[in-house]
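One structure is given here, and the rest of the page talks about it.
All of these numbers come straight from a predicted model, not from anything done at the bench.
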Amino acid sequence: MRKIALALCIGGIMVSCGSVQNKKENKESTPKNKDIVATYAETITSKELKDYLYVFAGDEFEGRDTGEPGQKKAAEFLKKQYKRIGIPSPLGGDDYFQEIPESFFRAGIKSSENVLAFIEGTEKPDEILVISAHYDHVGIDKDGNVFNGADDDGSGTVSVLEIAEAFAKAKKEGKGPKRSILFLHVTGEEKGLYGSKYYTENPVFDLDNTVANLNIDMVGRIDENHEGADKQNYVYLIGSDRLSSDLHKVSEEANKKYVNLNLDYTYNDRNDPNRFYFRSDHYNFAKHNVPIIFYFNGVHEDYHKITDTPDKIEYDLMEKRARLIFYTAWEVANRADRVVVDGTNE
């Protein structure tokens with residue numbers, strides 16, 4: 001019997017035996033843990049970021065001034081993308097907008113809206129990770145010049161879209177996050193952090209159950225402190241260690257394992273005179289003891305000028321920054337325990 005079995009394997013069933021061997025070889029030829037997370041991170045590409053941004057920071061959106069027609073067009077664009085990707089609104093049905101009344105703003109600003117999309121967690125759906133960016137900018141000047149705001153904050157806005165699309169693909173393939181993720185595009189940042197203030201005062205999900213906020217505000221350029229090929233592989237991180245040692249550790253480990261950017265903490269210094277920690281939308285979450293990370297490329301010569309256009313974006317670098325945020329978000333959303341709150345804003 002042993003000889004017959006051996007002959008069968010060598011002969012008639014050789015294809016089957018070879019198939020097993022081929023599968024083994026293929027498995028070994030694929031990076032053993034081309035971790036599942038890396039598979040989805042690689043869907044975040046410079047090309048797609050560029051395609052999004054040339055539309056979002058185009059003249060059609062008229063500088064996306066809060067409450068003005070261009071901002072309304074931008075909101076509709078975001079809604080359309082989330083519907084195309086297949087990510088629903090947490091508000092139900094076709095309503096992706098958290099309406100903010102004119103009375104909430106200072107005088108002269110019209111009513112506006114935050115844009116929300118939501119992926120429900122598979123195991124801990126009541127725990128929420130918020131990934132945010134402001135989508136407004138400063139509009140058009142009296143001479144008709146459009147402030148496109150490609151970096152500020154078109155870069156953050158389209159990064160959120162790409163990150164959301166990666167998570168949506170994972171969920172569709174049965175690898176959805178254990179915790180829920182809210183993709184939050186806030187309005188009125190340029191006027192005084194109004195959109196994030198409104199959300200945190202009128203949260204769709206209880207802030208006590210909001211485990212962290214990853215906020216993306218300007219991630220497409222290189223500042224003067226990092227000019228030169230040997231310095232450009234960087235991103236500023238602000239606030240990662242303020243409220244949660246866990247969140248800081250997750251961020252550091254994700255970067256070391258997958259991306260290897262230079263994480264520059266210059267502006268994280270509590271005595272930094274720029275006080276960037278208090279100047280973007282994450283701060284309204286931090287005030288409520290929600291751990292945050294603020295991702296930032298620093299100020300450059302085109303900041304708040306009509307020259308902040310999509311042709312000046314460093315798309316390959318922006319891809320790496322967006323992937324870092326995705327890797328960090330993946331770990332925060334899937335780790336066994338929510339990140340601990342063990343720090344203060346002081």
Query raised in the report: Do S240 and N268 meet the criterion of a side-chain donor-acceptor pair at a distance under 3.5 Å?
Result: no
Query raised in the report: Would I222 and Y234 satisfy side-chain contact (heavy atoms from CB on, under 4.5 Å), going step by step from the backbone distance to the final call?
Result: CA-CA 8 Å; I222 294 168; Y234 81 100; 4.1 Å; yes
Query raised in the report: Residues in salt bridge (charged side-chain N to carboxylate O under 4.0 Å, His left out) with E162, at least two apart?
Result: none
Query raised in the report: Which word best sums up how the rings of H226 and Y236 line up, parallel for under 30°, tilted for 30 to 60°, or perpendicular for over 60°?
Result: perpendicular
Query raised in the report: If two hydrophobic side chains count as joined below 4.5 Å and joins carry through other members, does V146 share a cluster with Y52?
Result: no
Query raised in the report: Is it the case that one hydrophobic cluster holds both V130 and V340, taking links as side-chain heavy atoms less than 4.5 Å apart, direct or via other members?
Result: no
Report task. Classify the side-chain pair T309/D311 by whether it contains a donor and acceptor separated by less than 3.5 Å. Result -> yes
Query raised in the report: Relative to each other, are the rings of H282 and F294 parallel, tilted or perpendicular (30° and 60° limits)?
Result: parallel
Query raised in the report: So, D272 and Y277: side-chain donor and acceptor under 3.5 Å apart, yes or no?
Result: no
Query raised in the report: Can you check whether Y82 and H185 have ring centres sitting under 6.0 Å from each other?
Result: yes
Requested in this report: Enter the distance from K191:NZ to D65:CG here, rounded to the nearest 0.5 Å.
Outcome: 4.0 Å
Query raised in the report: Can you check whether D143's main-chain N or O pairs, donor with acceptor, with D141's side chain at less than 3.5 Å?
Result: yes
Requested in this report: Using a 4.5 Å cut-off on heavy atoms from C-beta on, say whether the side chain of D281 contacts that of Y199.
Outcome: no
Requested in this report: Please examine the side chains of T187 and R64, heavy atoms only from C-beta on, and report whether any two atoms are closer than 4.5 Å.
Outcome: no
Query raised in the report: Taking the six-membered ring for Trp, is the centroid-to-centroid distance between F56 and H137 below 6.0 Å?
Result: no
Query raised in the report: So, do D241 and Y265 sit near enough that their side-chain heavy atoms are less than 4.5 Å apart?
Result: no
**Report entry** Gap separating the CG atom of D126 from the CG atom of D208, nearest 0.5 angstrom
**Finding:** 12.5 Å
Query raised in the report: Between the side chain of D342 and the main-chain N/O of S245, is any donor-acceptor distance below 3.5 Å?
Result: yes
**Report entry** Donor-acceptor contact below 3.5 Å, side chain S180 vs main chain G121
**Finding:** yes
Query raised in the report: Going by an N to O cut-off under 4.0 Å, is there a salt bridge joining K80 and E76?
Result: no
Report task. Identify whether the distance between the nearest side-chain nitrogen and carboxylate oxygen of K73 and E62 falls below 4.0 Å. Result -> yes
Query raised in the report: Is it the case that one hydrophobic cluster holds both V290 and F276, taking links as side-chain heavy atoms less than 4.5 Å apart, direct or via other members?
Result: yes
Report task. Inspect the contact between K72 and E113 and indicate whether a charged nitrogen and a carboxylate oxygen are less than 4.0 angstrom apart. Result -> yes
Query - Electrostatic pair R221-D302, nearest N-O below 4.0 angstrom - result: yes
Query - Nearest-0.5 Å distance that lies between atom CG in N114 and atom CG in L78 - result: 11.0 Å
Query - All side-chain contact (heavy atoms from CB on, under 4.5 Å) counterparts of E253, not counting sequence neighbours - result: K249
Query - Minimum side-chain heavy-atom gap L91-Y96 below 4.5 Å - result: no
Requested in this report: State the OG-CG distance between S159 and D217, to the nearest 0.5 angstrom.
Outcome: 11.0 Å
Report task. Taking the side chain as every heavy atom from C-beta outward, state whether K320 and N233 have any pair of such atoms under 4.5 Å apart. Result -> yes
Query raised in the report: F326 versus T43: any side-chain heavy-atom pair under 4.5 Å?
Result: no
Query raised in the report: Are side-chain N/O atoms of S89 and D95 paired as donor and acceptor at under 3.5 Å?
Result: no
Query raised in the report: Between F77 and I216, is there a shared hydrophobic cluster once you connect ILVMFWY residues whose side-chain heavy atoms come closer than 4.5 Å?
Result: yes
Report task. Please confirm whether the backbone N or O of L247 pairs with a side-chain atom of S251, one donor and one acceptor, at under 3.5 Å? Result -> no
Requested in this report: From the options I293, N260, V259, select the one residue that forms a side chain to side chain contact (heavy atoms under 4.5 Å, CB included) with L324.
Outcome: V259
**Report entry** Cationic N near anionic O, under 4.0 Å, D94 to K83
**Finding:** yes
Requested in this report: Report whether V55 and I44 are members of the same hydrophobic cluster (ILVMFWY, side-chain heavy atoms less than 4.5 Å apart, transitive linking).
Outcome: yes
Report task. Taking the side chain as every heavy atom from C-beta outward, state whether K50 and M318 have any atom pair closer than 4.5 Å. Result -> no
Query raised in the report: Does the side-chain contact (heavy atoms from CB on, under 4.5 Å) test come out yes or no for T39 and K175, once each step is laid out?
Result: CA-CA 11 Å; T39 300; K175 306 296 181 183; over 6 Å; no
Report task. Give the intermediate values and the outcome of side-chain contact (heavy atoms from CB on, under 4.5 Å) for residues I140 and E68. Result -> CA-CA 10 Å; I140 303 173; E68 299 299 326; over 6 Å; no
Query raised in the report: Can a donor-acceptor pair be found between the side chains of N297 and D223 at a distance below 3.5 Å?
Result: no
**Report entry** Residues K312, D308: salt bridge by 4.0 Å N-O rule
**Finding:** no
Query - I306 side chain near F147 side chain, heavy-atom distance below 4.5 Å - result: yes
Query raised in the report: Once you round to the nearest 0.5 Å, how far does OG1 of T45 lie from CG of L49?
Result: 6.0 Å
Query - Side-chain H-bond candidate by donor/acceptor type, N284 with T200, under 3.5 Å - result: no
Query raised in the report: Hydrophobic cluster mates of F105, side-chain heavy atoms under 4.5 angstrom, ILVMFWY only, any path?
Result: I100, F104, I109, Y194, Y198
Query raised in the report: Are E201 and K197 ion-paired here, with the side-chain N under 4.0 Å from a carboxylate O?
Result: yes
Query raised in the report: side-chain contact (heavy atoms from CB on, under 4.5 Å) between Y283 and I238: does it pass, once the steps are laid out?
Result: CA-CA 11 Å; Y283 184 62; I238 301 172; over 6 Å; no
